[in-house]
Amino acid sequence: MGKFRRVPVGIVGASGYGGVQLVRLLMDHPEVELVYLGGENSIGRSLGDLYPHLAHTGNLPIEAVELETIAHRCEVVFLSLPDGLAWQIAPTLLEKGCKVLDLSADYRFSDLATYTSWYGVERSDRSTAVTAVYGLPELYRDRIAEAQLIGCPGCYPTASLLALSPLLKQGLIVPETAIIDAKSGTSGSGRQAKTNLLLAEADNSIAAYNIGRHRDTPEIEQICSDLAGHELTIQFTPHLVPMVRGILATVYATMRDPGLVRDDLITIFSAFYRNSPWIKVCSSGVYPQTKWANGSNLCYIGVEVDPRTGRVIVVSAIDNLIKGQAGQAIQCLNLMMDWDETLGLPKLGFYP
Ligand SMILES: NC(=O)C1=CN([C@@H]2O[C@H](COP(=O)(O)OP(=O)(O)OC[C@H]3O[C@@H](n4cnc5c(N)ncnc54)[C@H](OP(=O)(O)O)[C@@H]3O)[C@@H](O)[C@H]2O)C=CC1
Ligand SMILES: CC(=O)N[C@@H](CCC(=O)OP(=O)(O)O)C(=O)O
């Protein structure tokens, strides 16, 4: 009688918002077993100490980041750490045979000079970085399946790129006219205490921040340039809105053919994403809201044309912690392991 063996998986940074979403999702994943949780300030504490609602789930302890131990125990390691740490850990884990999925920005860039100029971190792992694949399955499914190291996209880039990709790939817009106006809930900033995230600061208010200099800009530009076939500059403005989860990205661009109407574009988007189970293109005249996606790995996309301006307007909605982070990383793992892309991931949001 064959014994069913689950793949042993570890999470470094398990106490953070991304880490705890990974715990939640991986505990329900039929092919994996969580065998290691790592951190820094939370070392020695149990998950139930940090998140009492998880006290009944087995109470794995948070351990020190000891690479020999992690590689000995785990076949797959998720790194859910602040930017600038993964590159100091991943090369050793890879050498020891682990598959690594990094949720930070460390492995999102094909050009390390761009990473260094935006993140201020000098790197000595170039030979590893060039092997990383950008973990946006809807664009790079085949490369992800063959990879040992994934640089998982940021939450804003995920929502923005899924809205823009069909337009750029099919040459439907003047690329330089693209403008991304995006809004995020406060969990996008992680579990660290910050003044701007206090209820008294964030509630009943909406504010733009880091206009023209947000660090997700070069990441969006890198993939848009890849799709357009030439170097692009993209206007990206993020906003903090008083909600916990969710990103809504509204993308504007001038169409090359002003004769295209909304239903033409909906047909094009639907065809582009026909093999992408996590993308739902809305029917004519329907625009998504973040609440639809909360708790699920779905990205909803609504498409509109304004015939007066000749612009296409695309609205995408995701859960920043799921499709924008932990869920997308597991979607990539499913592809790397040749499992169904939807395995173990929540298929419906918890609306309302
Ligand atoms: N939040 C979001 O919506 C998204 C975030 N991301 C990215 O994912 C990554 C994680 O984000 P998020 O979960 O929000 O962050 P959090 O701040 O909530 O969590 C950070 C985690 O990193 C751990 N950590 C910090 N320093 C160290 C260290 N030196 N050694 C070991 N562990 C350490 C912390 O552990 P401890 O508590 O034990 O110190 C904690 O578990 C970031 O790079 C972020 O940019 C990507 C997409 C979306
Ligand atoms: C609301 C909020 O603060 N959001 C975060 C989102 C970016 C983030 O988490 O980083 P990546 O998605 O690129 O990894 C920020 O703007 O810094």
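Order of listing sets the numbers, starting from 1, for every ligand and every atom in it.
Ranked by closest heavy atom to atom 20 (C) of ligand 1, the top entry among Gly44, Gly19, Ser80 is Ser80. Nearest to atom 47 (C) of ligand 1 by heavy atom, out of Ala326, Ala105, Pro153, Gly324, is Gly324. Comparing Val12, Leu81, Val20 against atom 32 (N) of ligand 1, the shortest heavy-atom distance belongs to Leu81. Comparing Ala64, Gly38, Gly185, Pro82 by heavy-atom distance to atom 22 (O) of ligand 1, the nearest is Pro82. Relative to atom 29 (N) of ligand 1, the option among Gln325, Arg191, Arg108, Glu40 with the closest non-hydrogen atom is Glu40.
Under a 4.0 Å criterion applied to the non-hydrogen atoms of Ser15, ligand 1 contributes the atoms 34 (C), 35 (O), 36 (P), 37 (O), 38 (O), 40 (C), 41 (O). Atoms of ligand 1 lying under 4.0 Å from at least one heavy atom of Val65, given by number and element, are 31 (C). In the vicinity of Leu321, heavy-atom distances shorter than 4.0 Å reach the ligand 1 atoms 1 (N), 2 (C), 3 (O). Close approach of ligand 1 to Ser104 is summarised as follows: ligand atoms under 4.0 Å from at least one heavy atom of the residue are 43 (O). The contact set between ligand 1 and Gly39, taken as ligand atoms under 4.0 Å from a residue heavy atom, comprises 31 (C), 32 (N), 38 (O). Numbered from 1 in the order shown, with element, the atoms of ligand 1 that lie under 4.0 Å from a heavy atom of Ser42 read 36 (P), 37 (O), 38 (O). For ligand 1, the atoms lying closer than 4.0 Å to a non-hydrogen atom of Gln192 are 17 (O). Interface atoms of ligand 1 facing Cys155, defined by a heavy-atom separation under 4.0 Å, are 3 (O), 47 (C), 48 (C).
Residues of the protein with a heavy atom under 4.0 Å from ligand 2 are Arg108, Gly154, Cys155, Tyr156, Ser184, Gly185, Gly188, Ser189, Tyr209, His214, Arg215, Asp216, Leu240, listed by chain and number.
Between Glu304 and Arg311 there is no salt bridge, since no side-chain nitrogen of the basic residue lies less than 4.0 Å from a carboxylate oxygen of the acidic one. Ion pairing between a basic and an acidic side chain is recognised when a charged N comes within 4.0 Å of a carboxylate O; Asp102 and Arg108 show no such pairing. In this structure, Glu63 pairs ionically with Arg73, as a charged nitrogen and a carboxylate oxygen lie closer than 4.0 Å. Under 4.0 Å is where a charged nitrogen must lie from a carboxylate oxygen, and between Arg5 and Glu33 no such pair does.
When atom types are taken as modelled, the side chain of Ser276 and the backbone of Ile279 share no donor-acceptor pair closer than 3.5 angstrom. No side-chain donor-acceptor contact under 3.5 Å links Ser296 to the backbone of Lys347. A side-chain donor-acceptor contact under 3.5 Å links Thr158 to the backbone of Gly154. For Gln148 (side chain) and Cys98 (main-chain N/O), a donor-acceptor pair under 3.5 Å exists by modelled atom type.
With a heavy-atom cut-off of 4.0 Å, Leu85 touches ligand 1 through its side chain alone. The part of Ser187 lying near ligand 1 is the backbone, judged by heavy-atom distances below 4.0 Å. Neither the backbone nor the side chain of Ile62 has a heavy atom within less than 4.0 Å of ligand 1.
Screening Leu149, Leu101, Val133, Val76 for a side chain to side chain contact (heavy atoms under 4.5 Å, CB included) with Met336, the sole residue that qualifies is Leu101. Checked against Lys183 for a side chain to side chain contact (heavy atoms under 4.5 Å, CB included), the options Leu240, Thr250, Ile247 give a single hit: Thr250.
For atom 44 (C) of ligand 1, no protein non-hydrogen atom is found at a distance below 4.0 Å.
A donor and an acceptor atom, one from each side chain of Asn320 and Ser187, are located under 3.5 Å apart. In this model, a donor atom of one side chain and an acceptor atom of the other lie less than 3.5 Å apart for Gln331 and Glu138. Tyr351 and Asn294 are not linked by any side-chain donor-acceptor pair at a separation below 3.5 angstrom, with hydrogens and angles left out of the test.
Polar contact with ligand 1: present for Gly18 (N/O pair, distance under 3.5 Å).
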Name the atoms and distances for all side-chain donor-acceptor pairs under 3.5 Å in residues 201-208, with sequence neighbours left out.
none

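Nearest heavy-atom pair, Leu248 versus Gln289, reported as atom, atom and distance to 0.1 Å: CD1-CA, 4.4 Å.
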